[in-house]
Number of protein chains: 2
Amino acid sequence: MKFDPVLFAKAIADETRQKIMGECCCNWLSVSEIVEKVGFTQPTISHHLAILRDANLVKIREEGKQTFYSLNQEYIAVCCGQIMVKFAPETSVTENLLKVINQ
Amino acid sequence: MKFDPVLFAKAIADETRQKIMGECCCNWLSVSEIVEKVGFTQPTISHHLAILRDANLVKIREEGKQTFYSLNQEYIAVCCGQIMVKFAPETSVTENLLKVINQ
DNA sequence: TTATTATATAGACAAACGTCTATTTGTCAA
DNA sequence: TTGACAAATAGACGTTTGTCTATATAATAA
């Protein structure tokens with residue numbers, strides 16, 4: 001998956017999607033469970049999940065009738081790292097990040 | 001400045017603004033210089049600069065008739081770090097980042 | 001003062017976006 | 001095969017966003 005900083009930013013640039021991301025950050029949730037936790041209609045949640053999926057920000061596991069989603073933490077870390085390298089290259093935080101990555 | 005992950009994401013979620021950010025990442029540019037480099041009208045560039053300013057992503061220096069902008073790299077690094085901690089806490093990259101920050 | 005230059009602000013307009021209801025698709029149980 | 005449930009898709013609708021032109025504000029030069 002090629003990194004696109006605008007696509008990534010657009011995907012996370014919404015209150016509802018960030019709520020969804022928070023809910024399925026460290027665990028797998030079905031769509032219905034996310035609907036319950038976030039509190040919009042099922043189609044609205046599916047719509048947001050599709051945007052997150054298209055940006056590669058969620059992992060998917062189908063199981064019978066249900067579909068489970070979990071945050072793609074590795075890729076999110078990569079995206080944030082790339083943005084730091086691109087827009088904050090002269091900071092110590094980014095320099096340390098690069099040191100760790102290139103070692 | 002209180003960190004707001006949605007405000008930050010919205011601010012960088014636009015092609016034109018990311019071009020502007022790239023241009024004034026490591027140097028100070030006047031509005032006219034940015035207009036020249038990015039290629040939209042001056043009011044459009046001013047509009048985007050206002051959004052970046054409201055999100056604390058640019059530093060400003062007024063000098064006579066001109067206003068110079070430069071990326072606020074430190075704050076951008078902080079924002080990316082916060083997003084990593086929030087949405088990618090279980091990755092090694094984030095763990096290293098936290099180690100560096102807390103030392 | 002008046003003219004010029006640099007930037008910001010106001011307002012218009014089309015495109016993109018977030019939400020909803022209605023419907024479709026796919027899976028499982030009876 | 002029928003019925004029920006889970007999720008995705010389609011389409012409508014109001015809101016937000018990005019761009020433009022026109023204008024206002026502020027600083028400098030003549």
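Given the structure is predicted, the values throughout are model-derived calculations rather than measurements. Per chain, numbering begins at 1; letters A, B, ... match sequence-line order.
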Check whether any side-chain heavy atom of [X] sits under 4.5 Å from a side-chain heavy atom of [Y], and report yes or no.
X: A/F40; Y: A/T16; result: yes
X: A/K19; Y: A/H48; result: no
X: A/K86; Y: B/C25; result: no
X: A/F68; Y: A/L29; result: no
X: A/L71; Y: A/V58; result: yes

(request) Classify the nucleic acid contact of A/T67 as base, sugar-phosphate or nothing, counting any heavy atom under 4.0 Å across all strands shown. (result)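 The residue A/T67 makes sugar-phosphate contact but no base contact.
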(message) By the 4.0 Å heavy-atom rule, please label B/Y69 as base, sugar-phosphate, or nothing.
(response) sugar-phosphate
(request) Answer yes or no: does a side-chain N or O of B/T16 lie under 4.0 Å from OP1 or OP2 of D/dG18? (result) no
(message) Can you tell me if B/T44 touches the phosphate of D/dT19, counting only side-chain N or O atoms and a distance under 4.0 Å to OP1 or OP2?
(response) no
(request) Enumerate the residues from residues 24-41 of chain B whose closest heavy atom to DNA chain C is under 4.0 Å, giving them by residue number; use none for an empty result. (result) B/S30, B/V31, B/S32
(request) State yes or no: do A/I76 and A/L52 share one hydrophobic cluster built from I, L, V, M, F, W and Y residues joined by side-chain heavy-atom distances below 4.5 Å, directly or via other members? (result)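 Same cluster: A/I76 reaches A/L52 through Ile, Leu, Val, Met, Phe, Trp or Tyr contacts under 4.5 Å.
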(message) Any side-chain to backbone donor/acceptor pair from A/Q66 onto A/E63? Under 3.5 Å, distance only.
(response) no
(request) Using atom types as modelled and distance alone, determine if a side-chain donor or acceptor of A/E23 lies under 3.5 Å from a backbone N or O of A/K37. (result) no
(request) Starting from the 5' end of DNA chain C, give me the residue, A/A13 or A/E63, whose nearest nucleotide shows up first. (result)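 It is A/A13, whose closest nucleotide lies nearer the 5' terminus.
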Measure [atom1]/[X] against [atom2]/[N] and give the value in whole Å, please.
X: A/H47; N: D/dG11; atom1: NE2; atom2: C1'; value: 13 Å
X: A/I20; N: D/dA7; atom1: CD1; atom2: C1'; value: 14 Å
X: A/I51; N: D/dA8; atom1: CD1; atom2: C1'; value: 14 Å
X: A/L52; N: D/dA8; atom1: CG; atom2: P; value: 12 Å

(request) Tell me which nucleotide among D/dT19, D/dT21, D/dA8 gets nearest to the side chain of A/Q42. (result)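 Of the options given, the side chain of A/Q42 lies nearest D/dA8.
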(message) Check this for me: does the side-chain of A/Q66 come within 3.5 Å of the base of D/dA7 through a donor and an acceptor?
(response)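 No.
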(message) Need to verify one output field. Residue with the more 5' nearest nucleotide on DNA chain D, A/L49 or B/K65?
(response) A/L49
(message) Please identify the 5'-most and 3'-most nucleotides of DNA chain C with any atom under 4.0 angstrom from a heavy atom of chain A.
(response) C/dG18 to C/dC28
(request) Start with the C-alpha distance between A/L57 and A/Y75, add both sets of side-chain angles, then the distance that settles side chain to side chain contact (heavy atoms under 4.5 Å, CB included), and finish with yes or no. (result) CA-CA 7 Å; A/L57 301 192; A/Y75 187 67; 3.8 Å; yes
